[in-house]
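Worksheet: one structure, shown below.
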Amino acid sequence: MAKKKSKAEQAKTIQERTAAEFRSDIGHLNALASPARQKLLLLLGDKSDHGLTVNELADEIKMSQPATSHHLKILKDIGMIDAYKEKNKVYYYLTLDDTIKRLQAIHDVLQDRVQFIERPGDKNTQ
């Protein structure tokens, strides 16, 4: 019969899982950290049945076209958006590929981790 892990061992295992999850998802977290990229994702989710061009997006978020293109490239590289070309225009659209799955995994490990976080005033139960 397997030996039951102590609370300290369980906490260490969960802490390691949490760190590993954050390391594997750092690209998504960094992409979501930018207010400009958050606005782009919201616009693409709200106003994009057919996609939006970089100029349409730049106008909406009041940012230069080159700066908007830079943010779109980051989102595209991480798989949150994609693009298609029609004539001489490129249209961007929301995909979120595996972003939702990755965010759920982060949520899950944090949910597990929070039970082992000692707060000031907590009694030591180990």
Check your understanding: Going from NZ on K101 to CG on D25, what distance comes out if it is rounded to the nearest 0.5 angstrom?
Key -> 8.5 Å
Review point. Are L52 and V90 linked, directly or through other ILVMFWY residues, by side chains that come within less than 4.5 angstrom of each other?
Key: yes
Revision key, fill the gap. Value for CG (L41) from CG (D46), rounded to nearest 0.5 Å, stands at 10.5 Å
Point to revise | Heavy-atom pair of closest approach, residues A36 and I61 | key: O-CD1, 4.5 Å
Exercise for review: Decide whether I100 and L40 are clustered together by the hydrophobic rule: side chain heavy atoms of Ile, Leu, Val, Met, Phe, Trp, Tyr closer than 4.5 Å, transitively.
Suggested key: yes
Review point. Between OG1 of T13 and CD of E9, what distance do you get to the nearest 0.5 Å?
Key: 7.5 Å
Check your understanding: Donor-acceptor pair, R102 side chain versus S24 backbone, under 3.5 Å?
Key -> yes
**Study point:** Beyond-backbone contact of M80 with L94, side-chain heavy atoms, under 4.5 angstrom
**Key:** no
Practice item. Enter the distance from R23:CZ to L29:CG here, rounded to the nearest 0.5 Å. Key: 13.0 Å
Exercise for review: Indicate yes or no: at least one non-hydrogen side-chain atom of T18 is less than 4.5 angstrom from one of D112.
Suggested key: no
Revision key, fill the gap. Nearest heavy-atom approach of A33 to P35 is O-CD, 3.4 Å
Review point. Can you tell me how far the OG1 atom of T99 sits from the CD1 atom of I78, to the nearest 0.5 Å?
Key: 7.5 Å
Check your understanding: Can you find a side-chain donor-acceptor pair between Q65 and S69 that sits under 3.5 Å?
Key -> yes
Review point. Between Y91 and Y84, what is the ring plane arrangement, given parallel below 30°, perpendicular above 60°, and tilted in between?
Key: parallel
Check your understanding: Does the side chain of L75 come within less than 4.5 Å of L44's, by heavy atoms?
Key -> no
**Study point:** Worked check of salt bridge (charged side-chain N to carboxylate O under 4.0 Å, His left out) between E21 and R17
**Key:** CA-CA 6 Å; E21 191 64 50; R17 274 187 37 228; over 6 Å; no
Point to revise | For G51 against Y93, the heavy-atom pair lying closest together | key: CA-CB, 4.3 Å
**Study point:** Side-chain heavy-atom pair L103, L32 within 4.5 angstrom cut-off
**Key:** yes
Exercise for review: Quick one: list whatever passes side-chain contact (heavy atoms from CB on, under 4.5 Å) with Q15, sequence neighbours left out.
Suggested key: R113
Exercise for review: Spell out, as yes or no, whether a donor-acceptor pair under 3.5 Å connects the side chain of T95 to the backbone of G79.
Suggested key: yes
Check your understanding: Are any non-hydrogen side-chain atoms of M63 and H71 less than 4.5 angstrom apart?
Key -> yes
Point to revise | Results of side-chain contact (heavy atoms from CB on, under 4.5 Å) for Q38 - residues two or more places apart only | key: none
Revision key, fill the gap. In terms of heavy-atom contacts, V109 and I14 come closest through O-CG2, 4.2 Å
Point to revise | Rounded distance [0.5 Å steps], CZ in R37 versus OG1 in T68 | key: 11.5 Å
